[in-house]
**Student:** 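Below you will find the structure I want to go over with you.
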Amino acid sequence: MLLATLLSRALARRTNVTPSATRPGADWLRHVASISPDELLAEIGTRASGLTEEEVAQMRAFWGENSLGGTERPSLPRRVLAAFLDPFTGILVFIAVVSVLTDWVFARPGARDLTTPAIIAVMVLVSGVLRFVQDERSSDAASALAEMVETTCCVERAESGRVELPVDELVVGDVVHLSSGDLVPADLRLIFSRDLFVSQSALTGESESVEKHRELSAGDASSASVTDLDDLAFLGSSVISGAATGVVVATGAATLIGETASGLASAEGRGRTTASGEGVARTSRLLVVLMLVMVPAVVLVSGLTKGNWVDAVLFSLSVAVGLTPEMLPVLVTCCLGKGAVDLSRDRVIVKRLDAVSDLGAIDVLCCDKTGTLTEDRVALERHLDVRGAEDPGVLRAAFVNSFFGTGVKNLIDSAILRRALELDPSVEELCERYDLVDELPFDFERRRLSVVVGDGTGETLMICKGALEEVLDACAFAELDGRAVPLSASLADDVTARAEVLATQGMRVLGVALRESPEGVGRLTVADEKNMTLVGLLAFLDPPKASAAEAVAALAEHGVETKVLTGDSPRVAAHVCGAIGIPAGDVLTGSEVEALDDEALARRLRDVSVLAKLSPSQKARVVSVLRGEGRSVGFMGDGVNDAAAMAASDCGISVDSAVDVAREAADLILLEKDLLVLEHGIVCGRRTLANMTKYVKMTVSSNFGNIFSVLAASLLLPFLPMSAVQLLLLNLVYDLTCTAIPWDSVDDELVRAPRRWDSASIRRFMVALGPVSSVFDLLTFAALFFVVCPGVAGGPWGALGDAGRTLFVATFQAGWLVESMWTQTLAVHLVRTQRVPFVESRASAQLAALGAAGVALVTALPFTPLGAALDLAPLPLSYFALLTAIVALYAAALLVVRRRFVRRNGTLL
């Protein structure tokens, strides 16, 4: 059996390297790098043709799974615990502990009461359970959606040959094939490579790509850094260009990146804070500061006026609960989860839940041109010689270049191959005549691809294809009338002018050049791309999408500016963008970006919507500069050159057909490459954020007003206006009615502009609307103290005995409890919209039903045995006449203040 063989080899190996089944380590990687491919295959117990299914199972049992421990879903107990661990729940638990000490441990035997901690326990339990259930639903939905875009790799298996398998099915000993755009799925020892360049930035932090080879270059593997061993490719790196075959030598936690506990180049591992995350953090700090300021004030006022410091402390802690939106984590999770489900209906996959609100916050969308704004069906329109005449020879040269290039066949290559076969089927003989000898793969810095082919006679030919300007830089000659003549400045200008004319017609122009018997074959470098002969031009057309103009206009109507960041030529980019309504009068090029510092670039970006001839690092820099200006930036891309920009943005967006590295860097994945789909997603994100903001603003402003009511009552009344347990109960019922907010409707005007968490707006809202409830609380106090309670208790406070005063207080507290629930619930309906409530905008059925149920429950409570246990007395009918008047006046006053707030701030939420 293979397993027994592996064990015996591990024990009997005479080298100083003995890999662990779970963590081979750097010494093991150095060892496999230093031996030959044949020795490696023999030592691991595999073969170039791949493992059998039985061997795969045995390898997995011995070496372990190909998954990083940090990416696994936590155990059920840990998930349950995590649902209850947040700052607001911590505050509640602290208050409950203090209450247990004061109400039970240190209380007199006859005065012991656990009602307050019991209610707090219910609040914590409800909050945690709701959060756990919603987290589970969100995680299950996200996992199901993620399976639709699971990252795969090309693996050689003995029974089936080359197959595409999910990366988590890899085992040590598997033979993996790599090509441009792939993520390296495990730590590999290369056994074949052709011009392989990879990015190891996730491991080393270096942005420059490095070349990898089949065998080690000269040097001592034992002293070199593991990442410098050029016959190893590591999990977490990505293939920029070229092709390779490698044997898996470490998987999962045993890989180099697993050992260092580094994150992949994905949304979870980027380590950057998005606009949404910053807003939530600021809001949480605001609430904590508010509580720390108000609670001591309540303790002092209540203690000094009532003389009972224990009751004052308990009541102040209840006030802290009132200020704590303990349902905030639940409501945020519910809103984001529902947003993710809504987006899935628009065929958008959410990889990071917070990305739903980040999508709603973006005010500038950066995107590539090809496929996003264009039809993504490039057609080769012209193949011209240097003088501008149609030349089949130019097409044949381009065909050989595209056919033998080892990178991913992009739209340009496909268009060349398709057009050549249409016009001249005999070009297929070129595939038989030539063999690939060497290659300089395409990269986004030099923007050209060169292949060297041989015909079996020993003669070689280099064929270069790429952006015209870069091809011209490598040429010293041009082909005229079948002869190579020096490429003069005037001839180069004529070729450039001809290309510019084609570009103004929306065509993308590439140059084609040749060189016989180039130097450096076998170890070809960029320095060998010289003294070439320009043979002609290729002109491609990728027409704008019919829906692109509509989508750009729809984004603009919703306050999102579209900026195009492309590697294409300025003239082509300007033509396409101008045709769909993106201002293209001033186009910024990559060379100009490079020459500007960040401050100067930020000034240019305020007026420029089209940037052309950008490298991947320049795209990422543009995104970072925009974010530095306070913009919330989304980036949509699908190529290797877009991954860095997506990682730098607030919200990275890709498509299911993108290369692996782009999909891994994305937060959202569109199943349709269409800006109209994205516009729908932005609206959904804004709706989600609006509903989250509703809860915070409603709750904080209402509770802020209650604090002033409590302070005033503590100064003016001879008793507390509401007991600690009553205040906790009110908060619990109100929060439960708010759990329907994620399903509430949102007015159209609230999603027309970008939305983001705004702690300053929450503070202004709290200060503006909170005092309104305080005014009507004081009015309620006066009505209860001078009218309602004397009628129930049999006289004014000063004329009552102990029994009468007890009934007076119970009636007063019941009256304020009911009034608070009525006004808080009414405020939900008045504050959720800028329109006329109940007429022009209605709450969802769920929110209206829960609100009505909460009001009914609290209103009926004083008439029940539970109300009596909570020291509440039944209210007379005359109270409800006063309550109706107070609530009506409160609604009118709140509408006035609301209108003033909107006029000053531009928006309510």
Side-chain angles (χ1 to χ4, degrees), residues 265-267 270-280 348 350-352 354-369 372-373 551-552 554-556 558-567 577 582-583 588 590 593 596 598-612 614-639 641-655 658 662 665-670 675 677-679 681-686 688-689 753-758:
S266 64
R270 291 206 290 266
R272 49 104 171 125
T273 302
T274 65
S276 176
E278 292 171 355
V280 172
V348 178
V350 178
K351 291 178 57 184
R352 177 176 61 86
D354 287 347
V356 176
S357 56
D358 288 326
L359 182 62
I362 67 172
D363 54 30
V364 55
L365 173 68
C366 298
C367 64
D368 195 7
K369 173 183 68 65
T372 304
L373 303 178
V552 169
L555 288 171
H558 286 88
V560 179
E561 179 186 4
T562 303
K563 291 185 182 292
V564 176
L565 278 58
T566 180
C577 292
I582 298 177
L588 195 61
V593 168
L596 298 172
D598 286 353
E599 185 177 347
L601 178 58
R603 288 195 299 269
R604 290 294 307 275
L605 289 175
R606 293 168 194 165
D607 303 315
V608 172
S609 297
V610 182
L611 295 92
L614 295 181
S615 68
S617 60
Q618 289 168 343
K619 289 184 179 182
R621 183 184 170 214
V622 168
V623 170
S624 298
V625 169
L626 286 169
R627 292 189 71 210
E629 287 285 285
R631 309 292 297 273
S632 186
V633 184
F635 190 96
M636 182 175 178
D638 62 355
N641 58 325
D642 297 319
M646 281 191 281
S649 69
D650 288 288
C651 186
I653 306 156
S654 191
V655 292
D667 302 308
L668 301 170
I669 296 179
L670 310 185
L675 287 181
V677 173
L678 188 57
E679 184 258 341
I682 289 173
V683 171
C684 179
R686 291 177 183 177
T688 298
L689 190 52
R755 302 198 59 85
R756 61 169 65 191
W757 279 96
D758 188 351

**Student:** With the side chain counted from C-beta on, respond yes when I669 and V348 share a heavy-atom pair under 4.5 Å apart, and no when they do not.
**Tutor:**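 Answer no - side chains too far apart.
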**Student:** Looking at I362 and G634, what are the two nearest heavy atoms and their distance?
**Tutor:**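 Scanning both residues, the minimum pair turns out to be CG2-N, 3.7 Å.
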**Student:** Is any side-chain heavy atom of I682 less than 4.5 Å from a side-chain heavy atom of L555?
**Tutor:**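 Yes, close enough: below the 4.5 Å cut-off.
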**Student:** Quick one: does L359's side chain get under 4.5 Å of D667's, heavy atoms only?
**Tutor:**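 Sidechains of D667 and L359: no contact.
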**Student:** A side-chain contact here means heavy atoms from C-beta on lying under 4.5 Å apart; do M646 and I653 qualify?
**Tutor:**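 Sidechains of I653 and M646: no contact.
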**Student:** So, does D598 use its side chain to make a donor-acceptor pair with the main chain of V625 at under 3.5 Å?
**Tutor:**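 No: the side chain of D598 does not pair with the backbone of V625.
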**Student:** Please give me the minimum heavy-atom distance between V623 and F635, naming the atom from each residue.
**Tutor:**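 Closest approach of V623 to F635, heavy atoms only: CG2-CD1, 3.8 Å.
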**Student:** Between L565 and D368, is any pair of side-chain heavy atoms under 4.5 Å apart?
**Tutor:**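 When only atoms from C-beta onward are counted, D368 and L565 do not touch, as no gap falls below 4.5 Å.
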**Student:** Knowing that exactly one of V655, V350, D358 qualifies, which makes a side chain to side chain contact (heavy atoms under 4.5 Å, CB included) with L668?
**Tutor:**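 Looking at V655, V350, D358, the match for L668 under the side chain to side chain contact (heavy atoms under 4.5 Å, CB included) is V350.
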**Student:** Would you please name every residue forming a side chain to side chain contact (heavy atoms under 4.5 Å, CB included) with A600, sequence neighbours left out?
**Tutor:**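 Side chain to side chain contact (heavy atoms under 4.5 Å, CB included) list for A600, sorted by chain: L596, D597, R603.
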**Student:** So, Q618 side chain and G590 main chain: donor-acceptor pair closer than 3.5 Å or not?
**Tutor:**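 Confirmed, Q618 side chain pairs with G590 backbone.
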**Student:** Taking atom CG of L365 and atom NE2 of H558, what is their separation to the nearest 0.5 Å?
**Tutor:**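 Separation between the atoms: 14.0 Å.
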**Student:** How long is the straight-line distance from CG of L614 back to NZ of K619, given to the nearest 0.5 Å?
**Tutor:**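 Taking NZ in K619 and CG in L614, the distance rounds to 7.0 Å.
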**Student:** What I'd like to find out is whether the side chain of I582 reaches to under 4.5 Å of the side chain of V610, using heavy atoms alone.
**Tutor:**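 SC-SC contact between I582 and V610 confirmed.
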**Student:** Using a 4.5 Å cut-off on heavy atoms from C-beta on, say whether the side chain of D642 contacts that of P616.
**Tutor:**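 P616 does not reach D642 side chain to side chain.
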**Student:** How many angstroms lie between atom SG of C366 and atom CZ of R631, to the nearest 0.5 angstrom?
**Tutor:**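 So the SG of C366 and the CZ of R631 are separated by 8.5 Å.
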**Student:** Are E561 and S609 side-chain neighbours, meaning at least one heavy-atom pair lies under 4.5 Å?
**Tutor:**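 E561 reaches S609 side chain to side chain.
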**Student:** For A620 and A648, work out which heavy atoms get closest and say how close.
**Tutor:**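 Looking at all heavy atoms of both residues, the closest pair is O-CB, 4.1 Å.
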**Student:** Sub-3.5 Å donor-acceptor pair from the side chain of D363 to the main-chain atoms of P754, do we have one?
**Tutor:**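 Not a single qualifying donor-acceptor pair exists.
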**Student:** Given side-chain contact (heavy atoms from CB on, under 4.5 Å), test L611 with V622 step by step and report yes or no.
**Tutor:** CA-CA 9 Å; L611 295 92; V622 168; 3.9 Å; yes
**Student:** Any side-chain to backbone donor/acceptor pair from K563 onto L605? Under 3.5 Å, distance only.
**Tutor:**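 The answer is yes, because a donor-acceptor pair under 3.5 Å joins these two groups.
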**Student:** Got a donor-acceptor contact below 3.5 angstrom from the R686 side chain to the S357 backbone?
**Tutor:**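 Side chain of R686 to backbone of S357, a donor-acceptor pair under 3.5 Å: no, none is there.
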